[in-house]
Amino acid sequence: MEGDVDLLASDEYWDPHAIAGLLKSFLRELPASILTRDLHFRFLAVIDFVNPQERIKELSQLIAALPLANYSLLRALTAHLILIVQNSSVNKMTMRNVGIVFSPTLGIPAGVFSLMLGEFNRVFNVDYEADDDNNEDVEEEGTGLDRRNSKHYLDTAADQLLGLTGRTLKGEDPVKFFPPTMLV
């Protein structure tokens with residue numbers, strides 16, 4: 001496409017801080033919240049759930065209710081940020097630092113954002129995608145809506161196109177990176 005630059009194929013040096021700044025600028029200037037106006041307050045209320053399993057389930061349901069474009073952007077961005085966190089020994093971008101930068105940029109509370117990163121497979125229903133044999137059973141049980149976006153996303157092979165397959169922060173505890181006061 002005209003105007004596109006393949007940064008990986010180029011021999012030129014591209015300042016990663018400038019590229020990150022461009023990404024943050026793009027995200028800040030989106031015409032509407034990535035969480036949508038209709039669901040925004042419900043996303044804010046996720047932190048009020050006392051039971052961690054209920055919190056993850058509610059977040060998963062809210063993410064599944066997003067329009068497909070919002071879901072796809074949020075999922076691809078979250079998967080990419082997981083890669084950044086996995087390389088924190090080199091780039092100094094720990095889960096906490098990524099949250100400090102991107103949580104306000106996206107207008108997502110730190111606790112909700114850290115839950116998205118730390119429980120990526122569960123909140124984006126990635127495990128559902130790996131189990132194609134049970135997909136029809138899930139639809140019949142009435143929970144198919146919870147996984148609708150995940151299925152559409154899988155059908156487009158977006159992760160493969162973007163090189164984002166297999167992202168997860170196994171063993172990471174969001175509370176370890178965000179003190180309880182930041183999770184509220």
Side-chain angles (χ1 to χ4, degrees), residues 27 32-86 94-154 158-159 164-184:
L27 294 170
S33 168
I34 196 167
L35 303 181
T36 74
R37 180 174 292 159
D38 295 339
L39 296 174
H40 191 79
F41 288 112
R42 289 183 57 199
F43 273 98
L44 297 178
V46 165
I47 293 304
D48 296 337
F49 283 80
V50 176
N51 182 320
Q53 300 309 315
E54 289 177 16
R55 189 181 298 164
I56 291 167
K57 181 180 178 185
E58 178 69 9
L59 183 57
S60 177
Q61 290 173 345
L62 288 171
I63 288 173
L66 289 171
L68 185 57
N70 296 47
Y71 173 90
S72 298
L73 175 59
L74 186 60
R75 179 171 168 164
L77 177 64
T78 304
H80 177 69
L81 293 175
I82 287 171
L83 177 64
I84 289 171
V85 170
Q86 288 171 338
T94 62
M95 188 168 164
R96 184 174 191 276
N97 291 342
V98 165
I100 287 170
V101 171
F102 283 94
S103 177
T105 298
L106 294 169
I108 300 173
V112 173
F113 190 71
S114 67
L115 198 58
M116 285 180 192
L117 289 170
E119 295 292 340
F120 179 82
N121 286 349
R122 293 173 66 196
V123 299
F124 287 96
N125 289 302
V126 173
D127 296 333
Y128 161 75
E129 296 168 4
D131 190 9
D132 287 336
D133 295 337
N134 294 329
N135 287 354
E136 291 179 27
D137 295 339
V138 170
E139 294 289 342
E140 291 172 9
E141 291 171 10
T143 60
L145 184 61
D146 296 347
R147 297 187 170 114
R148 165 188 59 102
N149 281 337
S150 187
K151 175 148 178 31
H152 288 305
Y153 189 87
L154 176 66
D159 278 349
L164 299 175
T165 54
R167 303 291 165 84
T168 186
L169 288 175
K170 292 187 190 298
E172 299 289 349
D173 178 9
V175 176
K176 176 177 150 189
F177 297 100
F178 293 94
T181 55
M182 282 186 73
L183 293 175
V184 180

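One finds the CG atom of Leu117 at 10.0 Å from the CZ atom of Phe102 (value rounded to the nearest 0.5 Å). Separation of atoms NZ (Lys57) and CG (Leu62) is listed at 12.0 Å; rounding is to 0.5 Å. From Met116, atom CE reaches atom OG1 of Thr78 across 6.5 Å, with rounding to the nearest 0.5 Å. How far CG of Leu83 is from NE2 of His80: 6.5 Å, rounded to the nearest 0.5 Å. Rounding to the nearest 0.5 angstrom, the gap separating the CG atom in Leu74 from the CZ atom in Phe124 is 4.0 Å. To the nearest 0.5 Å, atoms CG (Leu73) and CG (Leu66) are separated by 10.0 Å.
Checked by atom type and distance alone, the side chain of Ser72 never pairs as donor or acceptor with a backbone atom of Ala69 at under 3.5 Å.
With sequence neighbours excluded, the residues satisfying side-chain contact (heavy atoms from CB on, under 4.5 Å) with Asp48 are Ala45.
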Let me have the donor-acceptor pairs involving side chains of residues 33-44, under 3.5 Å, with sequence neighbours excluded, atom names and distances please.
from: Ser33; atom 1: OG; to: Leu35; atom 2: N; distance (Å): 3.1
from: Thr36; atom 1: OG1; to: Leu39; atom 2: N; distance (Å): 3.3

For residues 103-110, please give each side-chain donor-acceptor pair under 3.5 Å, one per line with the distance, not counting sequence neighbours.
from: Ser103; atom 1: OG; to: Ile108; atom 2: O; distance (Å): 2.2
from: Ser103; atom 1: OG; to: Ala110; atom 2: N; distance (Å): 3.2
from: Thr105; atom 1: OG1; to: Val101; atom 2: O; distance (Å): 2.8

